[in-house]
Asker: 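Have a look at the structure that comes next, please.
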Amino acid sequence: MKKNSIKRCAAVLAACTVMAASAPAVSAPAMAAGNLISNSTFESGVSGWGTYKESGGKCSLGTKNGQLALTVSNVGEVNYAVQVYYDVVPLYKNGVYRLKYDISCSTDRFIEGMIQMNGGDYRAYTWKGLKLTSTPQSVDYEFTMEDDTDIMAKLVFNCGIQEKYEGALPEHTIYIDNVSLELVDDSKVDYASSRPYAPSINIDQVGYRPDSRKVAVFRDVTSQTEFKVVNAATKEAVYTGKLENKTDNKSADETNWTGDFSSVKEAGKYYITCEGLDNSYTFEIGDKVYSNLIDDSVRMLYLQRCGVKVEDKDFGHDACHTSMATIYGTNEKIDVSGGWHDAGDYGRYVVPAAKAVADLIYAYDTAPELFGDNIGIPESGNGTPDILDEARFELEWMMKMQAADGGAYHKVSCKTFPGYVAPTKETGELFVTPVSSTATADFCASMALAAEFYEKYDKDFAKKCMDAAEKSWAWLEKNKNYVLVNPEDIVTGDYADFTKDDSDERYWAAAQMYRATGDEKYLSAVSSVKTGLDWSVVGDYGNIALLTMKNADKSSTAYQKAADAVTSQAKSLLSTSKSSPYGVAITKYDWGSNMTIANKGIIMALASKLTGDSSYTDGANAQLDYLLGTNPVATCFVTGYGTVSPEHPHHRPSMAAGKAMKGMLVGGVDQSLEDSAAKAYCQDQPSAKRYVDNSESYSTNEITIYWNSPLTYLLSLTEKTESSQPDVTTTTTTSTTTTTTTTTATDTTTTATSTATSSETTATSTTTAVTTESTTTTTQSDKTVTLAGDANCDGAVDMSDVVLIMQALANPNKFDINGTDEHRITEQGTVNADVSERGNGMTTADALEIQRYLLNIISKLS
């Protein structure tokens, strides 16, 4: 069934803006009834409640005599050094709320009780200063939510130091009970909200290589049986196919069909139609369809550089984090400047760095012709492929993290996470945490790998890498036990091995040392094969080292075990992929699921090369398609690519700049609801749809260097492979006015005319196609603006202009200036619509700017 256009476009806009808080994805509004605190009397223990500690704060949380009991053993250095909180409480603008609770403390003291924004500037929507004694007091008052709607607000008690009142305190316990928050008057609340647009036809929004398997996924199907692939330039159907494989997809709570159009191979831009459903987003077919994506997936690492000046219009910055770092627990300071910021924050960690470096080098090893010397980094043009230059920047930092005895320090960061600021604004003291066996083994493997690949470009650097690897191997031989790391007063990520077992890291190091040296002594350490491509389980990098080394002895036990490990995994992954309508090779969506999916694609692509079975290639390509748009949330998970991609990643440089850095793979679906935004927006969603494009959703929308790197590797591995699907020979008959295509599951019927032509595929034109990736296809003319924001040229600026812009972007064949709809945008309308960064053409940013104007957030449109 066709969806209401206005509702659809409002939803598209909501999906693309951080103003999603005004269009919450919640199962139902509060409607002036009921307690919004689900565990208010603590009969269920501490469920729903948690603590936050930093800056020396120490506490523990439990229950006592039916009350919440927060024991504070150190009030720390700031008022929020100890917090007890409840997530998530929705507050609607103009709603009147009543907040009640009973509270006492074993020691007389002052604390703060508030409901605050859970992120941003952490402003308090309501605040009370509380002087506590051992006698319980009842707090009971009403307040009106005067700010914009925030469905992920947080009830918080600040229990850190309050120097104005009492300073440091001995250990004490705060008791809280009978907590209630009710919406008592919603007469002035506007509950208007809508979910992001969910297209009925999902495709890889970036596109497909000509010979790859191409499958669209359909939902909302009623009685339809066929679909068409339409050339976006000519508006003519080039292929007709059948809807197949009806599947009850419980993970996404939908029924799916698939449509295979692998036989469409001619370069061009296309979209898919199915009667009664909205058209798919436009996609491209071509040999170089991923070229820019590959370059940007590497260049984002340059923009993550630390300790040096970075040149970029939007994300450039002076050298950051250049101060000496203190080795934790000592007075010694060392220089550990350089490297990449690991993720959305500014810490730097050896363990994930090793994975990222390995992915990049093996990506280059797989298809060196994909990687040029001109992607726009300082080393471009120096005769070394930029991907190796970028990896070297990280390797040189890793060398600074090697201790004198050969062990590798685990990480360097400040004690706490920074605010949402540019990298130069984080100026706290840097701490290097102790040596760990996992970091040392990963370091050893990375250096041994680098020694091989930099020999061609810089023999001295290659030797330096090998010397470092041998030194770290000697440390591993002397230190057999797993070494724990993160000190409790450092709250940044620790990357401590989940399994408490470093045997997989040692396996990788041994395999990589054998590959680099040929010394048989290392083979004794690879007798027990390991698997895994995550930062915490890295055994498959050891397998890759053995399987792809030059002149590998394929009859050796080590090679055979490594090959068996890869192919047995791939067999299981392919089975899972085939059972999913979206082709995804996982059934559980954990934090960083997109990395896991890319890793699964890597394993299947390797199996294809090992066995010659190209069905594994189809499986690998299916993982790539999922990441680029063929997924239940219909999102290309790489920023700046596809029609709908993350615009508000949890990434401090992007948050500081007010725009998403291009080429970053976000974490993706996380079924466990592990941050406040996910809880607020996704709690009523099925597991495969628990993703939100919100900068506060660090569990679904953060980025990391080691999520980007497997994407780069997967793109490289799938570059030269061909689909296992047999070509469907389709004959297209054309005349001067029509194109007729008839396809069945078993044969092809051709209707001839006097001017008929036949080709291997049904594509009939290579004319440049209309695109909807991020900007309109309209070429700006010399027209002047008649009224800024007036996209429909009706003499007023209102929501109808927002709707028309989003229609033109989401469905250009219908609503752009060359579209078929009588209410399509005009050339003058596109000029009027270009209000955000004028001259860049019409984009979703213009729709957002107009909405901001209508909400009086800005006073005028440019």
Side-chain angles (χ1 to χ4, degrees), residues 307 325 327 332 334-340 348-362 364-365 379 382-385 387-412 432 434-480 483 502 505-526 538 541-542 544-546 548-550:
I327 299 176
E332 183 181 355
I334 59 174
D335 171 25
V336 288
S337 59
W340 302 317
R348 288 162 288 154
Y349 309 80
V350 170
V351 167
K355 170 181 169 52
V357 164
D359 285 334
L360 295 184
I361 294 178
Y362 279 123
Y364 173 75
D365 184 41
E379 297 80 5
N382 67 356
T384 301
I387 190 172
L388 295 184
D389 281 324
E390 201 53 59
R392 177 171 177 167
F393 188 81
E394 185 78 338
L395 287 161
E396 289 175 339
W397 165 74
M398 291 172 69
M399 287 179 179
K400 294 181 178 182
M401 294 291 285
Q402 187 176 34
D405 64 357
Y409 296 116
H410 201 77
K411 70 172 185 177
V412 57
V432 173
V435 166
S436 74
S437 59
T438 51
T440 303
D442 288 343
F443 175 93
C444 176
S446 301
M447 293 298 159
L449 174 61
E452 174 186 346
F453 282 88
Y454 289 92
E455 176 73 17
K456 173 181 177 181
Y457 299 100
D458 188 334
K459 292 183 182 297
D460 290 340
F461 179 68
K463 183 180 185 304
K464 187 177 180 182
C465 291
M466 197 65 236
D467 289 345
E470 290 176 339
K471 191 174 182 180
S472 59
W473 180 262
W475 185 95
L476 291 169
E477 289 187 309
K478 295 176 183 177
N479 296 272
K480 300 296 184 182
V483 181
D502 64 1
E505 286 85 2
R506 291 175 183 269
Y507 173 78
W508 177 24
Q512 209 71 65
M513 289 294 284
Y514 172 68
R515 172 179 170 132
T517 66
D519 192 331
E520 295 286 334
K521 74 176 184 180
Y522 297 109
L523 284 181
S524 62
V526 298
V538 296
Y541 288 108
I544 293 168
L546 297 172
T548 62
M549 65 185 293
K550 294 178 181 178

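Here, residue 1 is the first one in the sequence, and each next residue gets the next number. From a predicted model like this one, the values you see are computed outputs, not experimental measurements.
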Asker: List in chain and number order the residues that pass salt bridge (Lys or Arg N to Asp or Glu O under 4.0 Å) with E390, two or more places apart in sequence or in another chain; answer none if no residue qualifies.
Answerer: R305
Asker: Could you work out, with side-chain contact (heavy atoms from CB on, under 4.5 Å) as the rule, every residue matching D389, not counting sequence neighbours?
Answerer: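 So D389 forms a side-chain contact (heavy atoms from CB on, under 4.5 Å) with D373, I377, E379, N382, T384, D386.
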Asker: Using the test ring pair (Phe, Tyr, Trp, His ring centres under 6.0 Å), find all partners of W340 that sit at least two apart in sequence or belong to another chain.
Answerer: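 Ring pair (Phe, Tyr, Trp, His ring centres under 6.0 Å) list for W340, sorted by chain: empty.
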Asker: What residues form a side chain to side chain donor-acceptor pair (under 3.5 Å) with E477, not counting sequence neighbours?
Answerer: W473
Asker: Got a sec, which residues hit ring pair (Phe, Tyr, Trp, His ring centres under 6.0 Å) with Y349, two or more places apart in sequence or on another chain?
Answerer: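 Listed in chain order: Y495.
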Asker: Taking the side chain as every heavy atom from C-beta outward, state whether L449 and Y541 have any atom pair closer than 4.5 Å.
Answerer: no
Asker: Kindly write out the residues that satisfy side-chain contact (heavy atoms from CB on, under 4.5 Å) with A439, not counting sequence neighbours, or none if the list is empty.
Answerer: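 Result, side-chain contact (heavy atoms from CB on, under 4.5 Å) vs A439: V350, V351, A408, H410, S436.
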Asker: Between L546 and A511, what is the shortest heavy-atom contact and its length?
Answerer: CG-CB, 4.0 Å
Asker: Indicate whether the side chain of Y514 and that of K521 have a donor and an acceptor atom separated by less than 3.5 Å.
Answerer: no
Asker: Tell me, which pairs form a salt bridge (charged side-chain N to carboxylate O under 4.0 Å, His left out) where one or both residues lie in residues 439-463, sequence neighbours left out?
Answerer: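 Listed once each, the pairs are R392-D458, E452-R515, E455-K459, K463-D467.
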Asker: Check whether any side-chain heavy atom of M399 sits under 4.5 Å from a side-chain heavy atom of K464, and report yes or no.
Answerer: yes
Asker: Kindly write out the residues that satisfy side-chain contact (heavy atoms from CB on, under 4.5 Å) with K400, not counting sequence neighbours, or none if the list is empty.
Answerer: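 Partners of K400 by the side-chain contact (heavy atoms from CB on, under 4.5 Å) criterion, ordered by chain and then number, come out as D335, V336, S337.
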Asker: Just jot down the side chain to side chain donor-acceptor pair (under 3.5 Å) partners of D365, sequence neighbours excluded, or say none.
Answerer: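 Residues passing side chain to side chain donor-acceptor pair (under 3.5 Å) with D365: none at all.
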Asker: Specify the closest pair of heavy atoms between G407 and W475, including all atoms of both residues, with the distance to one decimal.
Answerer: N-CD1, 3.4 Å
Asker: Only counting residues at least two apart or in another chain, list the ones meeting side chain to side chain donor-acceptor pair (under 3.5 Å) with Q512.
Answerer: Y362, W508
Asker: Under the rule for side chain to side chain donor-acceptor pair (under 3.5 Å), what residues qualify as partners of R506, not counting sequence neighbours?
Answerer: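 By the side chain to side chain donor-acceptor pair (under 3.5 Å) rule, R506 matches D502.
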Asker: Who are the ring pair (Phe, Tyr, Trp, His ring centres under 6.0 Å) partners of Y507, not counting sequence neighbours?
Answerer: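 So Y507 forms no ring pair (Phe, Tyr, Trp, His ring centres under 6.0 Å) with any residue.
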